[in-house]
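Structure first, commentary second.
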Amino acid sequence: MKRLRETYENGERRPLPGYLLALGAYGVFTGALALVGKRTGARLPKRIGLGDTVLLTVATHKASRLLTKEAITSPLRAPFTRYEAPAGEAELVESVPEGGPKHAVGELLTCPFCAAVWIATGLSAGLVLAPRQTRLVSTVLAAVAGSDLLQLGYDRAKHITG
């Protein structure tokens with residue numbers, strides 16, 4: 001294993017054991033969702049409509065930005081990250097510690113692309129297990145994402161005309 005890590009890392013420290021732990025946790029998460037579905041008798045839909053797909057896409061985007069970048073959720077990331085600087089509208093730049101499980105968790109909590117996989121999985125399972133509640137939560141997240149765009153557009157328009 002040590003030789004494999006040295007060959008793969010190519011002179012950089014990469015938290016492969018932490019990544020394996022994260023992959024294992026994702027497997028447990030998806031397995032638990034499948035077990036809940038089986039125990040409750042939930043049936044997979046034959047297809048997911050375009051409206052639900054778009055709603056889940058926008059909700060996943062907003063939830064991943066909210067979790068990984070916004071200042072308000074920094075207490076959730078603080079045990080695994082270090083504040084560096086503001087990054088624009090209500091977002092932060094944070095660094096993660098070198099190596100180990102804290103590095104892998106820190107990357108997951110600061111990378112919207114990484115977190116999106118988990119969030120999309122949870123929202124998709126929610127669409128099967130509790131569709132009304134999931135659509136409500138997803139609609140709120142989508143509305144906030146739309147509001148964010150309007151806020152940014154408004155600020156930009158003020159600077160252009162002002």
Side-chain angles (χ1 to χ4, degrees), residues 14-15 18-19 21-37 40 42-97 101-162:
R14 300 300 305 153
Y19 290 156
L21 184 65
L23 287 170
Y26 182 77
V28 168
F29 176 59
T30 56
L33 290 173
L35 184 61
V36 168
T40 61
R43 299 244 181 230
L44 293 175
K46 292 190 186 294
R47 67 178 195 81
I48 296 185
L50 180 61
D52 279 336
T53 302
V54 171
L55 182 62
L56 290 181
T57 300
V58 176
T60 296
H61 169 76
K62 182 56 195 173
S64 68
R65 298 299 299 184
L66 177 65
L67 175 66
T68 64
K69 297 294 180 188
E70 292 200 18
I72 193 71
T73 54
S74 61
L76 302 175
R77 297 185 305 273
F80 307 97
T81 62
R82 181 175 178 185
Y83 172 80
E84 296 292 334
E89 306 300 324
E91 292 192 348
L92 304 176
V93 174
E94 294 164 319
S95 61
V96 296
K102 282 184 92 170
H103 181 98
V105 174
E107 278 193 18
L108 181 62
L109 290 176
T110 59
C111 172
F113 299 98
C114 306
V117 174
W118 290 70
I119 293 165
T121 299
L123 289 174
S124 296
L127 199 55
V128 172
L129 299 171
R132 291 176 63 197
Q133 295 87 340
T134 301
R135 284 188 184 99
L136 176 62
V137 169
S138 296
T139 299
V140 169
L141 289 165
V144 173
S147 175
D148 289 351
L149 286 173
L150 292 171
Q151 298 291 356
L152 293 170
Y154 180 82
D155 282 349
R156 178 165 278 224
K158 282 189 340 188
H159 288 85
I160 291 172
T161 61

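These numbers come from a predicted model, not from an experiment.
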Please identify each residue that fulfils ring-ring contact (aromatic ring centres under 6.0 Å, His included) with Tyr83, with sequence neighbours left out. none

Residues two or more places apart in sequence or in another chain: which of them pass ring-ring contact (aromatic ring centres under 6.0 Å, His included) with Phe29? Trp118

Pair Lys69 + Glu89, salt bridge at N-O below 4.0 Å: no

Under a 4.0 Å threshold between the charged nitrogen and the carboxylate oxygen, would Asp148 count as salt-bridged to Lys62? yes

Does Ile72 have more than 12 heavy atoms from other residues, nucleotides or ligands lying within 6.0 Å of its CD1? no

Using modelled atom types only, decide if a donor and an acceptor are shared between the side chain of [X] and the backbone of [Y] within a distance under 3.5 Å.
X      : Y      : value
Ser74  : Ala71  : yes
Ser147 : Ala143 : no
Arg135 : Asp52  : no
Ser64  : Ala115 : no

If you look at every heavy atom in [X] and [Y], which pair is closest and at what distance?
X      : Y      : result
Asp155 : His159 : O-ND1, 2.6 Å
Leu129 : Ala42  : CD2-CB, 3.6 Å
Val93  : Ala87  : CG2-CB, 3.5 Å
Ser138 : Leu123 : OG-CD2, 3.8 Å
Ser124 : Leu56  : OG-CD1, 4.0 Å
Thr73  : Glu70  : OG1-O, 3.1 Å

side-chain contact (heavy atoms from CB on, under 4.5 Å) between Leu76 and Leu109, worked out: CA-CA 8 Å; Leu76 302 175; Leu109 290 176; 5.9 Å; no

Given side chains that start at C-beta, do those of Thr30 and Thr121 come closer than 4.5 Å, heavy atoms only? yes

Any heavy-atom pair between the side chains of Thr68 and Cys111 that's under 4.5 Å? no

Give, for atom CG of Leu67 and atom CG of Leu108, the distance between the pair rounded to the nearest 0.5 Å. 7.5 Å

Roughly how far, to the nearest 0.5 Å, is the CG atom of Leu55 from the CG atom of Leu50? 11.0 Å

Decide yes or no on side-chain contact (heavy atoms from CB on, under 4.5 Å) for Glu107 and Cys114, but give the supporting numbers first. CA-CA 8 Å; Glu107 278 193 18; Cys114 306; 5.6 Å; no

Would Val96 and Lys102 satisfy side-chain contact (heavy atoms from CB on, under 4.5 Å), going step by step from the backbone distance to the final call? CA-CA 8 Å; Val96 296; Lys102 282 184 92 170; over 6 Å; no

